[in-house]
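One-based numbering along the sequence shown.
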Amino acid sequence: MQKNKPLNLEFVGLMAALMSIVALTIDAILPAISKIGIAINTYDSASHQLLITMIFLGLGVGQLVFGPFSDSFGRKPTVYIGFSVFVVASIICVLSPSLEWMVFGRILQGIGLSAPRTISISIIRDTYKGDYMAKIMSFVTSVFILVPVIAPALGKFVLDHYNWKGIFYVQLVMAIIVCIWFWRRQPETLKPEFKTKFTRRVFGSGLKELLKHKETMGFTLISGFITGAFMVYLSASQHIFENQYGLVEEFPFIFAGLATGIGVSTLLNGTLVMRLGMRRLSFLALIVFTLNAFVYILLFWSTANPSLPILLLFMGIQFSTIGFIFGNIRAIAMEPIGHIAGIGAAITGFAATLLAVPIATVIGYYVNSTALPLFVGFTIFGVLSLSVFIKMKSFKKIAITS
C-alpha cells in the first residue's frame, strides 16, 4: 500500500460502479413507488417509504457477514456471492404479490449489495491511506453520484415505455455488467499474510479491536446520524415533490439537480482535502449543514411549504455539504483500522445503519403535509454530530494536520 500511488482512473470508475448499483437500486424506483404500491395493494405513502428504508437495513446486516468473510477468503469471492444474492432478490421483487414480499425482496437486495458496497471500501483501504485515501474516496463518490442524478429519470423512462418491473430488469443487467468488469480487471487486494480465520469469534474480536479506537467509533456515530437524516430525504422526496408540490413529471429532474450539487461538492472535496485535511473540511461542512437546516426551521415553523425555489435553495445548500461530509467521515473512521479493514468496514457500517434506519423511519413518518420534519431531522442530528466531533476533541487535530 502506497500513500501517494498514482491515480488509476479505471480503479476509481470500477469502485464507483460497485457502489453505484446500490444507488441505482434505491433511486431508480422512486418515480414508480406509487405504481408499485398499487400493484402490491398498498396505498399508504408511509408504507411506500419502507421500499427505500428497508434496503438500508439489508445493507447493514449483510456487512456483518460479508466483511469478515472477505478478510478470510478474499475480496473478490465475496463480491461474487453478493451479486448472486442480489439476482435472487431482484426476482423476488418482480414476482412480489404483497408489500411484505416486496419488503423482504428489498431487504435481500440490500444484503446482496452490501458485499460490493462494503468490499469496495475495503479495497480502497487496502490500496491507499490517510488524506490520499480521502481524496480517492471523494473521486469515487463523485463518479458514484452520477447515478442518483440519472437513476430517477432512467426509472421514469422505463416506467413510461414498459412498466415498473422493467426497472428491476435494468438493475439486474447493470449488476451483471459490473460484476464481469470486476472479475476481469480488479486484482485481489487482500494479501495472504493478512487473511484471518473465519470463526464465530471474528465479530467479538473485531468489535473488541474497534472499541480501542475511539475516533473510529465516534465518527461511525456521526456517520449514522447524517446517513439517517439523509435517508429521510431519499424515502420522502417522492412524496414531497409529487404529492405536496404536484410535480410528478418534474420530480426526476429535481432529484437529479440536487444530486448534482452533492456530486460537485464531492469532487471539490477531492481537490481541497489534500490542502485543508479531511477533519477541517468535514467539521466546517457539519456547521453549515446544521445552521442551514436551523434557519429553515426558524423561517417556516408552523407555516405551509415555501415556494419551490426557496425549498430548492435550502435543499441545495444542505446537500452540497453532504459532499464534504460522507467521504471524509468514512475515511476518518477507517484510517486507524487498516489492519482489520474488512470486519472494520462491516461493523462500522452496520452500526451506522443501525442508527440510520430508525432515524429515517421515525422522522419520515411525520413528513405528511410539509417538508419541515425533514429539516428538523437535519438540525437535530447535525447538532448531535457536532457534539460528538467536539467531544472527541477531533477539532484540535485540525491545527495539527493543517
Exercise for the section: Write down the atom of Ile240, the atom of Ala371, and the distance for their closest heavy-atom approach. Expected result: CD1-CB, 4.1 Å
Practice task
Please check if the side chain of Glu188 supplies one atom and the backbone of Arg75 the other of a donor-acceptor pair under 3.5 Å.
Solution key: yes
Exercise for the section: Output yes when a side-chain donor or acceptor of Ser90 lies under 3.5 Å from a complementary backbone atom of Phe86, and no otherwise. Expected result: yes
Fill in the blank from the handout: Between Leu286 and Ser385, the two heavy atoms sitting closest are CD2-CB, 3.9 Å
Handout entry: N/O donor-acceptor pair under 3.5 Å between Ser265 side chain and Ser320 backbone
Key = yes
Handout entry: Thr227 (side chain) donor-acceptor with Gly224 (main chain) under 3.5 angstrom
Key = no
Handout entry: Centroid separation Tyr162 to Phe157 less than 6.0 Å
Key = no
Problem - Side-chain donor-acceptor contact under 3.5 Å, Asn328 with Ser282 - result: no
Handout entry: Minimal non-hydrogen separation, His48 against Ile33, with atom names
Key = CB-CG2, 3.3 Å
Handout entry: Flag, side chain of Thr361 to backbone of Pro358, donor-acceptor distance under 3.5 Å
Key = no
Exercise for the section: Of all the heavy-atom pairs spanning Thr220 and Thr216, show the shortest one and how long it is. Expected result: OG1-O, 2.7 Å
Exercise for the section: For residues Phe66 and Phe69, establish whether the separation of their ring centroids is below 6.0 Å. Expected result: no
Handout entry: Tyr366 atom OH, neighbour heavy-atom count above 12 within 6.0 Å
Key = no
Exercise for the section: Measure from the side-chain N and O atoms of Asn163 to the backbone N and O of Gly166, and report whether any donor-acceptor pair falls under 3.5 Å. Expected result: yes
Fill in the blank from the handout: ring-ring contact (aromatic ring centres under 6.0 Å, His included) with Phe319: of Phe289, Phe230, Phe314, Phe326, only one passes, and it is Phe230
Problem - Distance-only side-chain donor-acceptor flag, Thr25 / Arg106, under 3.5 Å - result: no
Problem - Backbone N/O of Gln244 and side chain of His239: donor-acceptor pair under 3.5 Å - result: no
Handout entry: Any donor-acceptor pair under 3.5 Å from Glu242 side chain to Ser237 backbone
Key = no
Handout entry: Sidechain-backbone polar pair: Lys76 side chain, Trp183 backbone, donor-acceptor under 3.5 Å
Key = yes
Problem - For Ser235 against Gln49, the heavy-atom pair lying closest together - result: O-CG, 3.3 Å
Exercise for the section: May I ask you to check whether over 12 heavy atoms, not counting those of Phe294, lie within 6.0 Å of atom CZ? Expected result: no
Practice task
Return yes when atom OH of Tyr80 has more than 12 non-hydrogen atoms of other residues, nucleotides or ligands closer than 6.0 Å, and no otherwise.
Solution key: yes
Fill in the blank from the handout: Tightest non-hydrogen contact, residues Gly60 and Phe350, listed as O-CD1, 3.1 Å
Exercise for the section: Check each of Tyr296, Trp301, Phe381 against Phe375 using the ring-ring contact (aromatic ring centres under 6.0 Å, His included) test, and report the only one that passes. Expected result: Tyr296
